[in-house]
2 protein chains.
Amino acid sequence: MTHRFIPPHDEDAPGSLDRRGRRHLAKRSRIIENAWALARRDGLAGISLRDLADSVDLRQPSLYAYFESKLGLYDAMFEEGQRQLLARSLARERLPDPRDELVAIVEDLVRFSSEDTVRHQLLFQRTIPGFEPSEVAMEPAREFVDLMTERLRAARIDGPGDVDLFSAIVSGLAHQQVANDPGGDRWVRLARRVVEAFVADVDRRADRSSKQRTTRRSLKT
Amino acid sequence: MTHRFIPPHDEDAPGSLDRRGRRHLAKRSRIIENAWALARRDGLAGISLRDLADSVDLRQPSLYAYFESKLGLYDAMFEEGQRQLLARSLARERLPDPRDELVAIVEDLVRFSSEDTVRHQLLFQRTIPGFEPSEVAMEPAREFVDLMTERLRAARIDGPGDVDLFSAIVSGLAHQQVANDPGGDRWVRLARRVVEAFVADVDRRADRSSKQRTTRRSLKT
DNA sequence: GTCTATATTCGGATAGAC
DNA sequence: GTCTATCCGAATATAGAC
């Protein structure tokens, strides 16, 4: 079962939208926007559909014209948050040095998380009981992972465990930043150092294994 | 305002407890134990005081003899979780090599988190709206930080940012382990590597700054 | 699409007797 | 300390008219 709500409409071209459909989506966006504001005020799980409806001058039951349930609302918020993250990464101009690029991405990510604690909570922690993002909502997340993987490959980081380790480092920085210095930059500032240490480790391991190969070969000949 | 509940009792020695006090504490412990079980089933925020009371054969209002409110219950759970973590770290025999000791601690920590997701949630993520641990509940957490700091110093890790970076790395491993491979060891296995990379980075920076000092000195003389 | 009205359930917390 | 009884509020969700 999915949380997504497909509003009923009957245009001829399924891809584009008529005036009604556009208005519908615009209002839906506004609702989501206000939902974020409420979440920042009352906590993510604390969003009340009544308050949300009030904030857009609707009665509470009318929200069901836009979302099939409260979980459907979370799903929409999740998707929007993931799109924001992806959009930000794509917007920034790519740096020539792949390692500088990694540093920039990590800084971006940590800042992105610390900008908005509840967004970080919805996107990266599983805190809403019963909520699991739908396939559609996960799509931008998948694209982002692809992008990250590509950037890591460009810096010659693709060994087994490398990506796991990198993801752990980034999520750790983000988490500490959000938890202990929200809005600040205490862990953002560590991005360069951590990337350099990580890259040095990857290099060191590559050296060691290539030396091992050389040794083995020289033993044979 | 604190969430802790000091049960009224009138013994002569304030430190020790009479029979009644001991029974009270024992039952309180049992309640907390069941609260963890419910949290694992329904989520942390999903604990219902009615269900909890049922599970210990009490009526719901009777719980207020043990906790002043639901937040007080969370506070007790938080304190207990922190004590478990501290107890585990103290129980393990200390390794002679301070870096091996660091590896062991990190593995411990990541395993501790992944053993029990909701405990990890309560202890390390701020997910319950309105809940902030009381001073008393934070006490074992402080002790744990002291212990960690001491272990890091033993490995000559005490530079500015070193502890921040280390904490980020550990929490990142734990978070990824909990989120993506709960009960497994995909990130636990990275503990040794990550500690070694971290230590190498600290050494490298120490070398560099000592060389800088040497250069400056040789310029002077 | 939006409304009114309402169903339904459940939550935490309190009063006061025993 | 434990109970019964109850309060009070809040929540999501549905039915059906317009």
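Naming convention: chains lettered A, B, ... in sequence-line order (proteins, then strands); numbering from 1 in each chain. Just so it is clear, the values below take in all heavy atoms, side chains as well, and ignore hydrogens, waters and symmetry mates.
With a 4.5 Å cut-off on side-chain heavy atoms, A:L73 and A:L52 count as touching. Under the 4.5 Å side-chain criterion, counting only non-hydrogen atoms from C-beta, A:F5 is not in contact with A:Y66.
A:L63 comes within contact range of no nucleotide atom at all, as no heavy-atom separation falls under 4.0 Å. If you check every strand for non-hydrogen atoms under 4.0 Å, A:S62 touches a base.
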Look for any protein N or O under 3.5 Å of an N or O in nucleotides 13-15 of chain D and output each such pair with its distance, or none.
residue, atom, partner, partner atom, Å
D:dA13, OP2, A:Y64, OH, 2.4
D:dA13, OP2, A:K70, N, 3.2
D:dA13, O5', A:Y64, OH, 3.2
D:dA13, N7, A:Q60, NE2, 2.8
D:dA13, N6, A:Q60, OE1, 3.0

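Between the side chain of A:Q177 and the backbone N or O of A:V110, no donor-acceptor pair lies under 3.5 Å. Judged by distance alone, the side chain of B:D100 and the main-chain N or O of B:A104 form no donor-acceptor pair under 3.5 Å.
Using a 4.0 Å cutoff on non-hydrogen atoms, the parts of residues 24-37 of chain B near DNA chain D are B:H24, B:K27, ordered by number.
Here the two rings, on B:H3 and B:F67, have centers that are 6.0 Å apart or farther.
The salt bridge (charged side-chain N to carboxylate O under 4.0 Å, His left out) test with B:R4 is passed by exactly one of B:E139, B:E79, B:E68: B:E79.
Distance CD1 (A:I128) to P (D:dT12): 12 Å, rounded to an integer number of Å. What separates CG of A:D51 from C1' of D:dT12 is a distance of 13 Å, to the nearest Å.
Summarising the geometry of A:P140 relative to A:L86, their closest heavy-atom pair is O-CD2, 4.1 Å, with the distance given to 0.1 Å.
Chain B approaches DNA chain C over the interval C:dG11 to C:dT14, counting the first and last nucleotide 5' to 3' with an atom under 4.0 Å from its heavy atoms.
We find the NE2-CZ distance between A:H24 and A:R20 to be 12.0 Å, quoted to the nearest 0.5 Å.
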TODO: Applying side chain to side chain donor-acceptor pair (under 3.5 Å), run through B:Q84 and B:R119 and close with a yes or a no.
DONE: CA-CA 10 Å; B:Q84 288 171 4; B:R119 184 177 59 188; 2.6 Å; yes
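Atom CZ of A:R40 has more than 12 heavy atoms from other residues, nucleotides or ligands within 6.0 Å.
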